[in-house]
Amino acid sequence: MPAVAETLDTVQSVTQSAYKWGFETNVEMEFAPKGLNEDIIRLISDKKGEPDWLLEWRLKAFAAWQTMQEPHWAKVGYPRIDYQDLHYYAAPKRRAGPQRLEDVDPELLRMYEKLGIPLKERAILAGVEGAGLPGPIEGRADVAVDAVFDSVSVATTFRETLARAGVIFCPISEAVREHPELVRQYLGSVVPPADNFYAALNSAVFTDGSFVFIPRGVRCPMELSTYFRINARNTGQFERTLIVAEAGSAVSYLEGCTAPQRDENQLHAAVVELVALDDASIKYSTVQNWYPGDAEGRGGIYNFVTKRGACRGARSKISWTQVETGSAITWKYPSCVLQGEGSIGEFYSVAVTTNRQQADTGTKMIHIGANTRSTIVSKGISAGRSNNTYRGLVRVLPQARGARNHTQCDSLLIGEECGAHTVPYIESRNPTARVEHEATTSKIAEDHLFYCRQRGLSEEDAVNLIVNGFCKEVLKELPMEFAVEAQKLLAVSLEGSVG
Amino acid sequence: MLEIKGLKADVDGTEILKGIDLAVPTGEVHAVMGPNGSGKSTLAYVLAGRDDYAVTGGSATFDGVDLLSLEPEARAAAGLFLAFQYPVELPGVGNANFLRTALNATRRARGEPELDAVQFLKLARAETRRLSVPDDMLKRNVNVGFSGGEKKRNEVLQMAILRPKLAILDETDSGLDIDALKIVAHGVNTLRGPDFSALVITHYQRLLDHIIPDRVHVLAGGRIVRSGGPELAHELEAHGYASVAAEAA
């Protein structure tokens, strides 16, 4: 019977490769009981050793959340979520720091391997004692990684280099302890605790995330990156990220996500807040590849995220770049509040939906200061029986004289059963403002595929080439190492979507 | 050698090719002429493997390989190139990247080593110079914003870089001014040699003043109704398709 067994193995490996990053890590977990109430919030706060003000802040958010309704205006549909049937806290059990890489939980190391984290970084990430790494890693641009393994940041690298520059890059729970005045000043100042249903939920129960502080006049000496992974059954993920760039500073932050495959839907409601003061610039890039569910729409992540940046200072700049290929449902509108005079907001997005995925994503550009400028470039790709909606708001307030916006929304359809929708909201209350909106919808036509195939390309290569061409304007905004990853991701996501 | 025997094909249930017999020996250039609607472009598409055409009978082989059983990309790897009458635009896809991907795909299929970016650019630049095509055509996106003439020149440039064994030119002369026509003709003529064959599909004789064919075939009503030497093109020009077709019938 070996031949049969081999066939079974082959079939299994073929079907599993449909989601190449769909693996699960069996690290011992520590769970809070299911459900959400004040006691759970107190437990989370206590586990983190938080000060009283933060507990009060959480409880207020929870009180607000209880009075709020889940929003249903997006063009997405899903079964009712029972918020009392989720775990709100899970942490990998930490032993005392391992002495050698061989002592580290092999499951964890295997996960890093699959994620493509370089060998030298793995030891540091796994918290091996004495595995300091002051210099750059061979063959790779300087990237500092803060790996979020479920809710607790496993480790943080490149601390020394960053510290020398005065940059703070650490888990937000640590920042609460080490830099309470900074956290207290900025937390919730861009996304208030009661901003919306999911933001309120996040504010009540967030367990971890990253904190970045770039002091006045400092250009962050390396790209900052965080790998978020969701790894526990029925554990909602409530990341909280806060990035503050003081006057004249600059930072580029990368966020990449993959998640293990599983059957039950998982809720993810993160909040990201960015603050840019005078002449500061923040570039925030995301490659999101959470489990999208199977071909019939079973399983997959619900990604209900609030991301917002405040350009508080004059001439400050916030740029969002996202490549979204994963999640069963995406509800996400990274926004810029352009308060400072002459401040700039940018949003570059590629959203791919296949099979039964649903994405309702876009941005909000709120022009408050004079001569503020914003650019929106959105590329939606729909395949299978998916639905892909761009929803964007450009609001020009009365005092924003000379404000300018240019929006370009392009949709690409693959196949006959998918949908693409563009829902732009434009509100201009200043007569000197200039707001432009361009939208196109096209299909990968038989003509295009045949032309490429006649030149010798396979159908899949032809689709990749056409899709990458379609997304080029956005992909070129990504930092180099992410651009390559993103191109691969597009190819993997659209495998088998034609024909 | 391209050998077509009794080839029949339908489009949407209508028979367009009604039994084509045609042989192009290796090293020869043949012209296929005919009135509009005679099936010239259908013949080109069927040979290249376009989906919307259903082959209902006959055969087409190239150097003994059954073309009709192959996917379009495998036909390309076997050495077949089609210069399109209406080349498509590929936004965001650089011409050089497109051509290198295509060239390497065919090289891979033939078991030849792939070319890196530097090797490819060297080869591509040599061809642009030879064809008097501006270098920046390689940098532009495939056919995006190209004039009609530029698109046709780009087809010829692609052909020169991909070096097919059998080129089919589907009315590549349509819409070209005389200068562009000469460039296209030059592109084909420089490829001529003992290992290169071409099927030049055209409505007008003027292209054949610049690409002198070894044989001329007249396609009418889905069949080859007459074949002859280069002088047949002049006869068609003088008397029109109607008389030639009527004479044959």
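Naming convention: chains lettered A, B, ... in sequence-line order (proteins, then strands); numbering from 1 in each chain.
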Query - Option that, when pairs with chain B are counted at under 4.5 Å, heavy atom only, ranks first among A:Cys452, A:Ser442, A:Ala445 - result: A:Cys452
Query raised in the report: What part of B:Glu89 gets closer than 4.5 Å to chain A, counting heavy atoms only: side chain, backbone, both or neither?
Result: backbone
Requested in this report: Please say whether more than 12 non-hydrogen atoms of neighbouring residues, nucleotides or ligands are located less than 6.0 Å from CZ in A:Arg391.
Outcome: yes
Query - A:Arg455 side chain vs B:Leu82 backbone, donor-acceptor pair below 3.5 Å - result: yes
Query raised in the report: Which is it for B:Asp51 and A:Phe450 under the side chain to side chain contact (heavy atoms under 4.5 Å, CB included) test, yes or no, and what are the steps along the way?
Result: CA-CA 8 Å; B:Asp51 264 351; A:Phe450 179 63; over 6 Å; no
Query raised in the report: Do the ring planes of A:Tyr451 and B:Phe84 sit parallel (below 30°), tilted (30 to 60°) or perpendicular (above 60°)?
Result: tilted
Query raised in the report: Atom CG of A:Asp461 and atom CG of B:Asn104: how far apart are they, to the nearest 0.5 Å?
Result: 11.0 Å
Query raised in the report: More than 12 foreign heavy atoms under 6.0 Å from NZ of A:Lys332: is that the case here?
Result: yes
Requested in this report: Return each pair, listed once, that meets ring-ring contact (aromatic ring centres under 6.0 Å, His included) where at least one residue sits in residues 117-169 of chain B; pairs must be two or more places apart or across chains.
Outcome: none
Query raised in the report: Looking at CZ of B:Arg75 and CD of A:Gln454, how far apart are the two atoms once the value is rounded to the nearest 0.5 Å?
Result: 9.5 Å
Report task. Answer with side chain, backbone, both or neither: which region of B:Leu99 has an atom nearer than 4.5 Å to a non-hydrogen atom of chain A? Result -> neither
Query - Under 4.5 Å from any heavy atom of chain A - which part of B:Pro87 - result: both
Report summary line: Heavy-atom closest pair (B:Val93 atom, A:Leu465 atom, distance to 0.1 Å) is CG2-O, 3.3 Å
Query raised in the report: Between atom CZ of B:Arg50 and atom CG of A:Asp447, what is the distance when rounded to the nearest 0.5 Å?
Result: 4.5 Å
Query raised in the report: So what's closer than 4.5 Å to chain A heavy atoms on B:Ala77: side chain, backbone, both or neither?
Result: neither
Report summary line: Of B:Pro91, B:Ala76, B:Pro72, the largest count of non-hydrogen pairs under 4.5 angstrom with chain A goes to B:Pro72
Report task. Determine, stepwise, if the pair B:Phe98 / A:Leu457 fulfils side chain to side chain contact (heavy atoms under 4.5 Å, CB included). Result -> CA-CA 9 Å; B:Phe98 175 70; A:Leu457 298 174; 3.9 Å; yes
Requested in this report: Check A:Glu459 against B:Glu73 and note the closest heavy-atom contact, atom names and distance.
Outcome: N-OE2, 4.0 Å
Query raised in the report: Is the number of heavy atoms from other residues, nucleotides or ligands within 6.0 Å of CG (B:Asp12) greater than 12?
Result: no
